[in-house]
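In what follows, a single structure is set out as structure tokens and then discussed.
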Amino acid sequence: MRKTLMAAMAAAVVAGALASPPAEAKTFRWAFQGDAQALDPHSLNETFTLGLLGNVYEGLIRRDPELKIEPALAESWEIVEPTRWRFHLRKGVKFHNGNDFTADDVLFTAARTRADGSDLKTRLAGVTDIIKVDDHTVDFVTDAPNPILHYEWATWYIMDKEWAEANNAGSPTDVTGGKENFATRNTNGTGPFMLVSRETDVKTVLKPYDGWWDAANKKHNLTEVVFTPIGSDSTRVAALLSGEIDMMYPVPVQDMNRLEGDANTSVLAGPELRTIFLGMDQELDELQYSNVKGKNPFKDKRVREAFYRAVDVNAIQKKIMRGLSEPSAIMISPFLFSRSAEFKRLEHNPEMSKKLLAEAGYPNGFEVGMDCPNNRYVNDEKICQAVVAMLAKVGVKVDLLAQPKAQYFAKILRPKRDTSFYLLGWTPGSFDSWNVLYNIIATPADDGRGKFNVGGYSNARIDELTTQVLSETDATKRDAMIHEAFKLLDDDRGYIPLHQQGLAWGKRSNIELAQRADNQFMLYYVNVK
Amino acid sequence: MADARMPTPAPGSVAVPTARPGLADGVHRFFDSDVWFSFKRSPITIGAAAVTLLYFVMAVFGPWIAPHDPFDLAKLDLLDSLIPPAWMADGEARFPLGTDDQGRDLLSAIIYGSRVSLVIGFASVLLSMVIGIGLGLISGFVGGAIDAFIMRMAEIQLSFPAILVALLINGVIIGYFKTHPEWQVDQVTLAYVVLVLSIGLSNWVQYARTVRGSTLVERNKEYVQAAHVIGIHPAMIMWRHILPNVMGPVLVIATIQLALAVITEATLSFLGVGVPPTEPSLGTLIRVGNDYLFSGEWWVTIFPGAALAILVLAVNLLGDWLRDALNPKLR
Amino acid sequence: MVAFIIRRFIQSLFVMFVVALVSFAMFQFIGDPVNQMVGIETSLAERAALRERLGLNDPIYVQFWHYIVNAVSGDFGLSYQHKRPVADMLLERLPATLELSLVSALFSLIVGIPMGVYTGLNRDGFLAKLFLTISLIGISLPTFLIGILLIFVFSVMMANAPPIPVFDLFTIYPSALQLPSFGRGTTVDIGSWRTGLLTTDGLKALIMPSITLGLFQLTLIMRLVRSEMLEVLRTDYIKFARARGLANRAINFGHALKNTLVPVITITGLQVGSIIAFAIITETVFQWPGMGQMFLLAVQNVDIPIMAAYLMLIAFFFVVINLIVDMLYYVVDPRLRVDAGKVSGHG
């Protein structure tokens, strides 16, 4: 018995010696809570999918760690007429399979982006014509002047025409077709990394592409990248603590201290561009899920203000977000709007809430149902619970329904729009205020305006401003219009902005990387020391 | 989670105790019985019974025992959240076991949560018992095509994990109440209904199989044949003569299923089908506390986890003892 | 015999059909797949068009009919999320789930049977009672909590524990005992079967998930063996063996245990189906790339083709296992042959 024990220990000692990694391996292992849906760059407009693909494919522009626009596949561009943009393509760029990158690839990509099954049609919204001037010059003609035409093009990835057509991947996968598309699991980009292997939801392996056009300036020192999705929060934290992975995100906020306290790991926290807010139904004449019959209390500004003042965002920031949030007075990240500092949050004041409710005719409060996702935003369900408790203190009894995002969005989004009071988050994909005004503040209309204005808030002047902002090219005037719109919304208490959610990435101490506020993780900034 | 399946044709896997109809002097007889004797002889069983009793008392008298009302949201203060147990450095005497992420007193939350878990457990066991015994009796007594049909139904039931049954029922019920607003149910009631139905409906098979097996044996006995011949209605035969004979094994299954139901409730909560966290059950408390396992706030998950484990352990031990005590072959 | 098999086969087909039907009836309640297939900026008109193209606006029975017609020809459709054939995806995931299930079943048998025999033979022994009580703890905690606690101890604490010197003789490195917290480790492809059983890494990765999954079965089997032993030991045939003066060991293992094994094997066989179905939670906690994990993700994302195919596959497993078990009974137990029509089920 004793002998076997000794033998086992000796074996353990040997194994321990072998377990230390060889010094020169620059393999980088990282994890996220989910996987990219597919590798087709045009099949889903979603941050993580596009972020992962951004290491393999490239757009005409790209964004640096501060999100400033840089030339990428286009070396430069100019506005030749108010509605005509000219892009000069970079010469000598080769796809991973060795094909040359030319204007034809851009035209092909544009056609592919507009085909059935593509989810990136908005990238070319307003573009009426795309003209090949020569092999390395392309013109984009728009229906109206649009100063932010290219803002979202960092994630509009260019594909190789010959490769796609040779492999029957000329259009994005259409699940109704019943056939798998070659581009779903294979890639051929121009980016810094190329795909080695992929098992959906299990493992994706990348290696650097030596022929990358920007290889001379490359900032990473990786030789191999292994990506694994790990869905369970605890398991993901455990894998980082145990050193099985080098980096992972998101870090659950409650585990930030633990990772910071461990000598081998640390947390990179920063602001994200996502604004978390509460919306109230102002559309229906009778509030659903409520004991108030025949009218809708949320149509009364005093009620909306009472709700606003009942919520203590600082307590939420301190206790639920553990500092990983910035209370918000406006419906857009302060980084994306230069005059956001002029806005101040209404003070938390439960006494005044009670008074306002009494003035509005609800001295004993009322009942209302609330919808909340429980796997979409950082601690979403916990925030909702806290809001429910805070409202209980001013007499409003909230019946909380927290659901996974699949059921949650199906319930609250149009066309169903079945909610009275809800929590939602919004990141403007274009990094611009117009996106916010158009999608969540403008009066809902059939043309797609206000399609995420679930509560149906409506202000005619804001609608007017939204239209003007889109084509205004003078920055100062444009900002003044945006300011006016946000001010009107704030005065109406149309929404209750809560906070800017923060980003938290966890890493081993020997890893250096750059964190971007849009939560896209660019491998070409990663160094393994 | 997994269900214990018992194939009756296998040699003697389920025991049929001797019939003891008549409850008139039942109590008196009970204290004379072998069951009571075997109970007195087993300290573990007595301990388990005491713990179980304690939980029942807590469940019934919870509002009078608990120091706070954890379901009263107006009394929760977010700034009280995640306070450690009273004996630790930052602990506070008003929260003996500390607080959870919303500032709820954990001791009170556990008392109220046990109550929720037990109510759901009992209701779902009752449901599966009624369905299982009913179908088992019919299946065994009538036989033929109906028997085959019920047994195939049982197979279908077994191929659906309780998780999926819960998701289905969740969706159907929410859909139903949406189209019938006159019911005026809130999310908490809805969750109770969903949980009871989904746990209850996933566990009837075991009762049905056991009862069917026993019924098959009883059916061919002479007294049943005789009752049949003198024209007693089959339903009456099943009710008066066969049912009492299968109650022993059913009681054993029910005890173990109660423990299983409480655990299943916790598991479903992990998967997002559960009581809303505003009025948490033990399972919901564990699910929420689960997030705090690595972060140093261990009490948020360890105390509810221990409370659940002790309850389930005690009930299981009782079930164990009952299984042996009611099995005449083991005396 | 032939008639019996044919009848059971037809009944099994009926079971599969009902499973498909019930699955379909429930899908419409799980959520709207379209919202999970497009980005947030996609317009309502495009969403509606996609819904139409997917046939989600057709009545349920029409969708069901299309599905059955395609499924019979082996086409289970493309995953809404991953845009790949569902059959391929399930087959890729099958080895992971089967290996985990088999190893955990093996674990519960190897540990459960001896413990059951011991507790059965020493019914009133202190150690036996202790075993019985301890084994209950395994079913007194929710699986997900057991899994996370194991990860905490064997992945995190072991990785970060300092080496322990023992009397200057040698040093114990707890990190050598560290177990992987997620995934299957290094795998080897044998044809289309991806196995983790051939590498040290892969075997290490199996330890914690199979314990987590097998704990429940372990308790079950131990208890079953114990009660079977208790009953068999009291039968006349054992008493007769004792009277003949056979050694205790020969009686206990040669006669008694042998008799208890039939129900144990039956139950284990039947449990394999349950294990596969209930691997969902274990696989989720350990990020085990099996079918259960894929199924749960599919539920979250309303990926109807994956859900439907998975449920059909599970139903198929149950049906086949039940069929085999029934046929075994038929062969083993002659009494059933007389009454096969009425007692065709197994309980």
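Chain A is the first sequence line, chain B the second, and so forth, proteins listed ahead of strands; every chain is numbered from 1.
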Flag if over 12 foreign heavy atoms under 6.0 Å of NZ, A:K393:
yes

Enclosure of A:R274 CZ (heavy-atom neighbours >12, cutoff 6.0 Å):
yes

Turns out that what part of B:L78 lies under 4.5 Å from chain A's heavy atoms comes down to both

Starting at OG of A:S234, measure out to CG of B:L293 and round the result to the nearest 0.5 Å.
6.5 Å

Quick one: does A:L400's side chain get under 4.5 Å of B:P276's, heavy atoms only?
no

Check this for me: does any side-chain nitrogen of one of A:K319 and B:D101 sit under 4.0 Å from a carboxylate oxygen of the other?
no

Value rounded to 0.5 Å, distance of CZ in A:R258 from CZ in B:F294
7.5 Å

Just how far is it from atom CD1 of A:I320 to atom CG of B:L82, taken to the nearest 0.5 Å?
9.5 Å

Chain B: which of A:A315, A:G261, A:G395, A:G369 shares the most heavy-atom pairs with it under 4.5 Å?
A:A315

With a 4.5 angstrom heavy-atom cut-off, could you sort out which part of A:M390 is near chain B: side chain, backbone, both or neither?
side chain

Under 6.0 Å from the CD atom of A:E347, do we count more than 12 heavy atoms belonging to anything else shown?
no

Please flag which part of A:I316 lies under 4.5 Å from any non-hydrogen atom of chain B: side chain, backbone, both or neither.
both

Could you look at A:D233 and say if it's the side chain, the backbone, both or neither that has a heavy atom under 4.5 Å from chain B?
neither

Charged N-O contact under 4.0 Å between B:E297 and A:R322:
yes

More than 12 heavy atoms of other groups within 6.0 Å of A:K318 NZ
no

Counting heavy-atom pairs closer than 4.5 Å to chain B, which one of A:E381, A:Q385, A:E367 comes out on top?
A:Q385

Choice from A:K397, A:M256, A:K382 maximising heavy atom contacts with chain B below 4.5 Å:
A:K382

Heavy-atom cut-off 4.5 Å, strictly under: side chain, backbone, both or neither for A:A386 against chain B?
both

Is a side-chain donor or acceptor of A:Q254 paired with a backbone partner of B:D291 at a separation under 3.5 angstrom?
yes

